[in-house]
Amino acid sequence: MKHQLLLGDEAIAQAALDAGISGVYAYPGTPSTEITEYIQMKSAKESADVACRWSANEKTAMEAALGMSYAGKRALCCMKHVGMNVAADAFINAGMTGVRGGLVIVAADDPSMHSSQNEQDSRFYGDFAFVPILEPANQQEAYDITRYAFDLSEKYHTPVLIRITTRLAHSRAGVHRQTAHPQNAMSLPTDSSDFILLPALARKRYKQILALQDQLEKESEGSDFNSYTDGSDKTLGIIASGIGYNYLMENYPNGAPYPIVKISQYPLPKNDIARLVKACQAILVIEEGYPFIEKQLRGLLNMSGTIHGRLDGTLPREGELNPDLIAHAIRKPVVSGSEVPEIVTSRPPALCQGCGHRDMYDALTEMVRRYPNHRVFGDIGCYTLGALPPFRAIHSCVDMGASITMAKGAADAGVWPSVAVIGDSTFTHSGITGLLDCVNASSNVTIVISDNETTGMTGGQDSAATGKIEAIVAGIGVDPAHIRVFEPLKKNMEQMKQIIDEELNYNGVSVLIPRRECIQTLKRKKK
Amino acid sequence: MKTDIILAGVGGQGILSIAAVLGEAAVNNSLYLKQAEVHGMSQRGGDVQSNLRLSSDPIASDLIPLGKADLIISLEPMEALRYLPWLSSKGTIVTNSAPFINIESYPSLDELDREYSKIPNKVILDAEKIAKESTGTVRTANMVILGAASSFIDLPYESLQDAIRHIFSRKGEEIIQMNLKAMEAGRSFAAASQA
């Protein structure tokens, strides 16, 4: 078979299909979105029987994936790194229950925060949940590792975490496929207490999981994805994980003089690392993200000898790695081209011309500025760009759904007007429960659900909220007289401003729903 | 053989279509390829780039090291300059001359000219104008730029033509011919300006 050019994300998706998944469960989030989109595209084309509708959030996705695994079938669950926070309850307890059908979770980390609010490293979640972690270095390995992950999951009845970072997720290279595995037949557990984590049962289960760790470490020691390559110069030994290994090898096209341990499977292969530490005078750790390996190696007392990496400044403490940072760490010369001319200025992202969020912000900012103590709590989506000029409209951006609940807390503290701006998809992801809190406490808040009928920032995926927002809001108990729907257009500016002012001055929960389709999805439909 | 290319532009200008044509041509010539793209937030009118590496040998890094790029292909003149630290001393810039101004602090055209006068190897062309003249629409401007860059890339020109035929096959013969014509017009412009 000729090799195919695939993004790292697409290689994982193709491998999951070839591994015989019966479902993919996910909420869109950069840089993970293309995994699910690829499976949706392929399933539609080949009429494959794979459940692949977007989930409302990462927690519902993880639980649905666990349910499919419970029924004996293979499931994939994908998210960006901060999605792991949302899914954490389900993820960690899936580590406790164990699995039946292969259950593979992909967490796509975003070091350097290209499209995220932090650069948390998902490997800590794997460690926290006693779940084995796989970290592919390149697109072919992303394919091979995903195929292996399902087998590993079924062999040890554990979820498996695949951790990738932005650069691999969004970089394309040739990938060879292997023979496809058929989907598993449905089957149910014979022991009905298997998935019941009542304390007495959970304590028993926990002992089994702790005992499993030695076996998982042996798997890592023998893994095809980890390796020890000897070198003649023992002044330095290098440990390189995931995509960090590529940046290292870019500097040694004809092979490195130093011994190298490549790591793409965890728990860490202790024997390989011990051998390297014993043989070499100093160790350099190259890893994308937090100093996860480096910290374990140092331990509290730093008794493994001289260790270089992100913690001693050999590599920067934060941000994405690249071949030049590695060259610097191994003292290879870097010959840069000419400097960036001073006239080159930054070109930040902006709301599209003609976007409904723009008209919403024009009306909202004009009205709230009449009240000097107003605060507008923002959320995660295209409309977060309302923080930038010319709008400077929002005062916070923290996590999915935080606009509504922060507005509530601030209102409780006496802030007025206390306004939340949240998108339709973010509202159904994590805003509904917060709105219920507001209604139950009769909080004095004005909530703007800026509805563009899509999940915009990630490229226009279906929104779980479409066509349902008024019913949800009314169902939660917002007074229908204070659920105000309007079309954000320049020509409606006076009407919008009037509605906004009325609801700012209503002492209770109001929900404003400016609704106009995303101009990007509209353009695509017209083509 | 090895060609390291930085594709530059503003979100929405179509650098990924250029990358798709080069990628298809590379696969058909049994070359190794790595192409790092930018998705997500930056696509909203911000600066975007793609690192594209072609080689007859396996490629390790998805990112091009500083000073190692052979070519910067840009759909926007200021955006090309952003990547000068990556351009090798022998490297070439092929760029559209038409500025895309969506920021207040955009430099003056004189300032841009002064910077370009310092760059030894370059092809600067008004891609929209050439696209309009050769195909009747500015939408093929990215293929004009690709054509202008084609002689600096170690791929047979016929492979690029085949790649266009394949990639635009679903859009019909008319669109294929338009894109082929646009690429040809860009290639002729570059040949004339280098002569």
Side-chain angles (χ1 to χ4, degrees), chain A residues 2-5 7-8 29-31 33-34 110 114-116 138-139 166-174 243 245-253 320-324 326-327 334-353 382 384-385 389 457-459, chain B residues 10-12 19-20 23-24 26-27 31-48 50-52 57-69 76 78-79 81-89 91 100 102-108 111-112 114-115 118-119:
Chain A
K2 194 177 92 172
H3 68 248
Q4 282 174 275
L5 274 186
L7 293 174
T30 312
T33 313
E34 293 80 3
D110 190 19
H114 297 280
S115 293
S116 307
N138 57 49
Q139 292 76 357
T166 307
R167 222 33 94 171
L168 178 61
H170 289 167
S171 180
R172 223 174 273 280
I243 202 163
Y245 179 76
N246 299 353
Y247 299 143
L248 173 66
M249 297 320 289
E250 177 70 24
N251 284 287
Y252 295 117
E320 216 182 353
L321 296 176
N322 61 47
D324 308 308
I326 306 306
V334 173
V335 184
S336 182
S338 46
E339 279 175 38
V340 181
E342 271 173 32
I343 59 161
V344 175
T345 57
S346 68
R347 200 190 292 261
L351 287 169
C352 305
Q353 293 303 323
C382 285
T384 315
L385 295 171
M457 184 60 97
T458 45
Chain B
V10 179
E24 171 79 16
V27 168
L31 292 175
Y32 290 94
L33 172 134
K34 282 209 172 187
Q35 187 221 327
E37 301 174 357
V38 172
H39 294 211
M41 197 160 198
S42 324
Q43 285 177 301
R44 300 280 168 272
D47 56 274
V48 291
S50 169
N51 279 209
L52 201 155
D57 297 310
I59 304 160
S61 168
D62 298 81
L63 296 175
I64 300 168
L66 285 166
K68 295 282 172 67
E76 208 282 343
M78 184 185 82
E79 290 308 322
L81 301 175
R82 202 184 290 286
Y83 305 100
L84 283 180
W86 281 269
L87 189 64
S88 92
S89 53
F100 187 102
N102 63 349
I103 42 171
E104 282 172 17
S105 52
Y106 196 90
S108 72
E111 285 173 313
L112 278 176
R114 262 201 299 283
E115 290 302 333
K118 299 177 199 163
I119 293 162

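Quick caveat, the model's predicted, so the values are computed rather than measured. Note on naming: letters A, B, ... go to the chains in the order of the sequence lines (proteins, then strands), and numbering restarts at 1 for each one.
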Name of the residue among A:Thr33, A:Thr30, A:Leu385 meeting side-chain contact (heavy atoms from CB on, under 4.5 Å) with A:Met457
A:Leu385

Let's test your reading of the structure: which of B:Leu112, B:Leu87, B:Leu81 forms the most heavy-atom pairs below 4.5 Å with chain A?
B:Leu81

Shorter than 4.5 Å, heavy atoms on both sides: which option in A:Pro389, A:Gly174, A:Pro348 has the most such pairs with chain B?
A:Pro348

What part of A:Leu5 gets within 4.5 angstrom of chain B, counting heavy atoms only: side chain, backbone, both, or neither?
side chain

Of the listed A:Glu339, A:Gln353, A:Gln139, A:Arg167, the one with the largest count of heavy-atom pairs under 4.5 Å with chain B is A:Arg167

Should we count OH of B:Tyr106 as having more than 12 external heavy atoms under 6.0 Å?
yes

For chain B, which candidate among A:Ser346, A:Gly29, A:Ala169 shows the most heavy-atom pairs at distances under 4.5 Å?
A:Ser346

Under a 4.5 Å cutoff for heavy-atom pairs, which residue among A:Ile326, A:Thr345, A:Asn322, A:Val334 has the most contacts with chain B?
A:Thr345

Can you tell me which portion of A:Leu351 sits under 4.5 Å from chain B's heavy atoms? Options are side chain, backbone, both or neither.
neither

Measure the shortest side-chain to side-chain distance between B:Val27 and A:Gln4 over non-hydrogen atoms and say whether it is less than 4.5 angstrom.
no

For each of A:Cys352, A:Ser336, A:Ala173, tally heavy-atom pairs with chain B at distances under 4.5 Å, and name the one with the top tally.
A:Ser336

Take B:Val10 and B:Val48, measure what side chain to side chain contact (heavy atoms under 4.5 Å, CB included) needs, and give me the verdict at the end.
CA-CA 5 Å; B:Val10 179; B:Val48 291; 5.7 Å; no

Chain A contact via B:Glu37 - side chain, backbone, both or neither, heavy atoms under 4.5 Å:
both

Using a 4.5 angstrom heavy-atom cutoff, name the option from A:Leu248, A:Leu7, A:Asp324 with the most pairs to chain B.
A:Asp324

Set of side chain to side chain donor-acceptor pair (under 3.5 Å) partners for A:Arg347, sequence neighbours left out
B:Glu76, B:Glu79, B:Asn102

B:Ser88 versus chain A, the contacting section by heavy-atom distance below 4.5 Å
neither

Please list, chain by chain and in numerical order, all residues satisfying side chain to side chain donor-acceptor pair (under 3.5 Å) with B:Asn51, sequence neighbours excluded.
B:Gln49

Taking the side chain as every heavy atom from C-beta outward, state whether B:Trp86 and B:Leu63 have any atom pair closer than 4.5 Å.
no

Show, in sequence, the C-alpha distance, side-chain angles and deciding distance for B:Ser61 and A:Asn246, and conclude whether the side chain to side chain donor-acceptor pair (under 3.5 Å) test is met.
CA-CA 5 Å; B:Ser61 168; A:Asn246 299 353; over 6 Å; no

